[in-house]
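To keep things clear, I will list the structure first and then write my remarks on it.
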Amino acid sequence: MAIYLPSSAEEEQLALDELTPREIVVELDKHVIGQKDAKRAVAIALRNRTRRQKLTPDLAEEIIPKNIIMIGPTGVGKTEIARRLAKLANSPFLKVEASKFTEVGYVGRDVESMVRDLVEIAIDNVREEKLEDVADKAELNAEERLLDILLPPSPPARPGEATTAGGVVIDGSTALAESSSRTREKLRQQLREGKLDDRQVEIDVRERNFPSFEIMTNQGVEEMDINIKDMLPNIFGQRTKKRKMKVNEAFEYLIQEEEQRLIDMDHVTRTAIDRVENSGIVFLDEIDKIAGREGGHGPDVSREGVQRDILPIVEGTTVNTRYGMVRTDHILFIAAGAFHVSKPSDLIPELQGRFPIRVELQSLTMEDFVRILTEPKSSLVKQYTALLETEGVKLEFTPEALSEIAHFAFRVNESTENIGARRLHTIMERVLDELSFDAPERKGDHVVIDADYVRKMLTDIVKDQDLSRYIL
């Protein structure tokens with residue numbers, strides 16, 4: 001992707017903050033075809049976050065995110081819009097299926113785990129950013145440690161000791177230091193050129209085998225706020241053992257050690273929690289599966305119970321995580337569902353009220369399929385062309401072939417289960433099945449996929465609807 005990358009995280013954040021809703025939609029258009037209404041809704045939600053950050057703290061505290069419900073069949077771009085939005089905003093993003101949760105008291109995932117998972121994602125993201133910042137220093141430190149192992153420092157000369165160099169009596173420690181320095185620089189050069197990669201060295205490696213034990217709680221593992229792994233080194237002490245490895249492996253290990261040493265994990269944690277609280281995005285998929293308020297027995301009781309458990313998280317509460325307390329007041333929740341059987345109005349009124357923006361996504365047309373094949377930055381055509389190019393095969397699709405692929409995908413969706421754009425993946429795999437298999441033996445070939453080839457590969461399967469249910 002030919003995108004200008006700013007020189008620092010601050011510049012990048014500034015650039016993102018300045019994106020207008022129209023520019024956000026343009027960015028989303030590069031990855032998702034159609035669905036203008038949904039893109040407009042999420043673009044406004046993202047821009048409102050930027051606006052909120054420019055307000056006084058007391059007023060900003062009062063402004064809650066306008067959560068969104070996306071209504072539409074599978075495979076039309078609901079998840080992709082949310083994921084691309086989070087990537088664009090550099091926000092912690094979590095996709096979770098609402099149907100995975102169960103009412104408190106039943107066996108299953110606890111709804112607060114979505115916030116804990118979001119914090120873990122944010123911690124990983126911030127740590128990765130910090131690793132980039134300290135990468136150069138970590139490499140230099142690791143290089144010095146490795147050189148110390150390859151060439152242990154000489155013991156200091158005793159007072160009054162002297163040596164002779166070229167007939168001139170000089171201080172012994174000076175001569176020794178100069179000689180050692182020259183040798184060290186030669187080794188450094190050889191190390192950087194990879195000439196020492198196969199040499200064996202012995203380094204101290206931290207042991208990871210801690211005593212094993214179990215802790216049982218009546219609230220389940222997810223409620224445990226104590227990080228046992230962090231406690232253990234303090235309880236049993238940090239043990240190390242000698243291990244022999246090649247220089248290049250040792251260098252990688254020492255770099256990792258130095259990176260961990262240079263990163264301030266307290267600062268990482270504070271930054272991550274701040275990001276979760278102010279810019280986190282949770283995508284609640286399959287929310288239609290927990291819609292239902294009828295009856296007083298059977299699965300509907302659990303469905304309504306899950307909704308009532310999710311409600312405080314969406315309304316704004318404080319969740320206890322192993323990194324500290326996390327407030328959910330300003331996390332943006334984007335819910336999505338097909339709503340084939342149930343309706344958004346089947347959700348409990350309190351939860352409906354917390355999703356004021358409703359957007360209906362349209363089913364994809366044949367024209368949309370053609371655009372999906374070619375227009376996005378990482379379109380299927382570009383992906384398959386690049387994959388086969390690694391084998392030395394130049395792949396080309398004619399416009400008629402793309403129309404035919406789109407036509408077959410649309411027909412199969414209509415006659416069997418409608419899985420939206422995901423159908424294109426299975427259709428493309430079937431079309432390129434023989435070519436992908438034979439590609440290593442066809443190095444240097446220029447292959448043109450035309451409409452006749454597509455028909456030859458797909459017609460028999462599409463004709464047999466029972467078979468196409470399993471293959472396409």
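The first residue of the sequence shown is numbered 1, and numbering continues consecutively from there.
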- Which is it for Y253 and E249 under the side chain to side chain donor-acceptor pair (under 3.5 Å) test, yes or no, and what are the steps along the way? CA-CA 6 Å; Y253 177 81; E249 293 172 359; over 6 Å; no
- Would you check, one step at a time, whether the test side chain to side chain contact (heavy atoms under 4.5 Å, CB included) holds for I81 with M70? CA-CA 10 Å; I81 287 172; M70 294 185 184; 3.9 Å; yes
- Message: Quick one, E429 with Y384, criterion side chain to side chain contact (heavy atoms under 4.5 Å, CB included). Give me CA distance, side-chain angles, the key distance, then yes/no.
- Response: CA-CA 9 Å; E429 279 294 326; Y384 281 103; 2.7 Å; yes
- Message: Assess the residue pair L380 and H425 against the criterion (side chain to side chain contact (heavy atoms under 4.5 Å, CB included)); give the C-alpha distance rounded to whole Å, side-chain angles, the decisive distance to 0.1 Å, and a yes or no.
- Response: CA-CA 8 Å; L380 283 177; H425 289 268; 3.4 Å; yes
- Task: Let me see the working for I64 and R354 under side chain to side chain contact (heavy atoms under 4.5 Å, CB included), right down to the final yes or no.
- Result: CA-CA 10 Å; I64 59 171; R354 288 292 163 180; 3.7 Å; yes
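A search for side-chain hydrogen bond (donor to acceptor under 3.5 Å, both in side chains) contacts involving R22 returns nothing, not counting sequence neighbours. Take K39 and apply the salt bridge (charged side-chain N to carboxylate O under 4.0 Å, His left out) test, not counting sequence neighbours, and it matches D29. For R371, the salt bridge (charged side-chain N to carboxylate O under 4.0 Å, His left out) partners are E375, not counting sequence neighbours. With sequence neighbours left out, I44 forms a side-chain contact (heavy atoms from CB on, under 4.5 Å) with N48. Scanning for salt bridge (charged side-chain N to carboxylate O under 4.0 Å, His left out) contacts around D264 gives an empty result, with sequence neighbours left out. For R188, the salt bridge (charged side-chain N to carboxylate O under 4.0 Å, His left out) partners at least two apart in sequence or on another chain are E143, E144, E185. Judged as a side-chain contact (heavy atoms from CB on, under 4.5 Å), and not counting sequence neighbours, A386 has no contacts. Applying the side-chain contact (heavy atoms from CB on, under 4.5 Å) rule to P65 yields the partners N67, H330, L332; only residues at least two apart in sequence or on another chain are considered. N125 is linked by a side-chain hydrogen bond (donor to acceptor under 3.5 Å, both in side chains) to nothing, counting only residues two or more places apart in sequence or in another chain. By the side-chain contact (heavy atoms from CB on, under 4.5 Å) test, V447 is found to be paired with V393, L395, L435, R442, D445, I449, residues two or more places apart in sequence or in another chain being considered.
Distance alone, capped at 3.5 Å, is enough to place a donor-acceptor pair between the Q383 side chain and the S378 backbone. Proximity of a side-chain donor or acceptor of T321 to a complementary backbone N or O of R116 within less than 3.5 Å is not detected. A donor-acceptor distance shorter than 3.5 angstrom exists from the side chain of K78 to the backbone of P73, with no hydrogens or angles considered. T74 places no side-chain N or O within 3.5 Å of a backbone atom of I419 that could act as its donor or acceptor partner. Proximity of a side-chain donor or acceptor of S91 to a complementary backbone N or O of S279 within less than 3.5 Å is detected. Without hydrogens or angle criteria, E258 side chain to E139 main chain gives no donor-acceptor distance under 3.5 Å. Although no hydrogens or angles enter the test, the distance criterion places no donor-acceptor pair under 3.5 Å between the side chain of E360 and the main chain of G72.
Side-chain contact between V96 and L284: present, with at least one pair of heavy atoms (C-beta onward) separated by less than 4.5 Å. Within the 4.5 Å cutoff, side-chain heavy atoms of V314 are placed close to those of F355. At least one side-chain heavy atom of L364 sits under 4.5 Å from a side-chain heavy atom of F369. Within the 4.5 Å cutoff, the side chain of L373 has heavy atoms near those of the M428 side chain. Between M114 and I331 there is no side-chain heavy-atom pair separated by less than 4.5 Å. Residues I290 and I310 are in side-chain contact: their nearest non-hydrogen atoms beyond the backbone lie under 4.5 Å apart. At a threshold of 4.5 Å between non-hydrogen side-chain atoms, the residues T50 and K54 count as touching. A heavy-atom distance below 4.5 Å is found between the side chains of R52 and N278.
Evaluation of the salt bridge (Lys or Arg N to Asp or Glu O under 4.0 Å) test over residues 330-339, restricted to residues two or more places apart or in two chains, returns none. Under the salt bridge (Lys or Arg N to Asp or Glu O under 4.0 Å) criterion, the residue pairs touching residues 277-291 are K95-D285, with sequence neighbours excluded.
Using a cutoff of 4.0 Å between basic side-chain nitrogens and carboxylate oxygens, R127 and D124 are scored as salt-bridged. With respect to R47 and E23, no salt bridge is recorded, no charged nitrogen being found less than 4.0 Å from a carboxylate O. The residues E350 and R308 are annotated as salt-bridged, a charged nitrogen and a carboxylate oxygen being separated by less than 4.0 angstrom. In summary, E27 and K87 do not engage in a salt bridge, as defined by a charged side-chain N under 4.0 Å from a carboxylate O. Using a cutoff of 4.0 Å between basic side-chain nitrogens and carboxylate oxygens, K100 and E97 are scored as salt-bridged.
In terms of heavy atoms, I263 sits closest to L131 at CD1-CD2, 3.2 Å. The two residues G77 and L361 have their closest heavy-atom pair at C-CD2, 4.4 Å. Residues L347 and L351 approach most closely at CD2-CD2, 4.3 Å, considering heavy atoms. Here the shortest heavy-atom pairing between R358 and P344 reads NH1-CB, 3.8 Å. Of all heavy-atom pairs between E391 and K443, the closest is O-CG, 3.5 Å. Taking all atoms of both residues into account, the shortest heavy-atom contact from A336 to F283 is CB-CZ, 3.5 Å.
Rounded to the nearest 0.5 angstrom, Q352 CD and L311 CG are separated by 11.5 Å. In this structure, CD1 on I427 lies 8.5 Å from CD1 on I405, to the nearest 0.5 angstrom. Expressed to the nearest 0.5 Å, how far CD1 of I255 lies from CG of L140 amounts to 9.5 Å. Atom CE in M325 sits 8.5 Å away from atom OG1 in T317 (nearest 0.5 Å). Of the inter-residue distances, the one linking Y323 atom OH with I273 atom CD1 reads 9.0 Å to the nearest 0.5 angstrom.
Shown here is R40, whose CZ atom has no more than 12 heavy atoms of other residues, nucleotides or ligands within 6.0 Å. Around atom NZ of K394, no more than 12 heavy atoms belonging to other residues, nucleotides or ligands sit under 6.0 Å away. The 12-atom threshold is not exceeded at CZ of R199, counting heavy atoms of other residues, nucleotides or ligands nearer than 6.0 Å.
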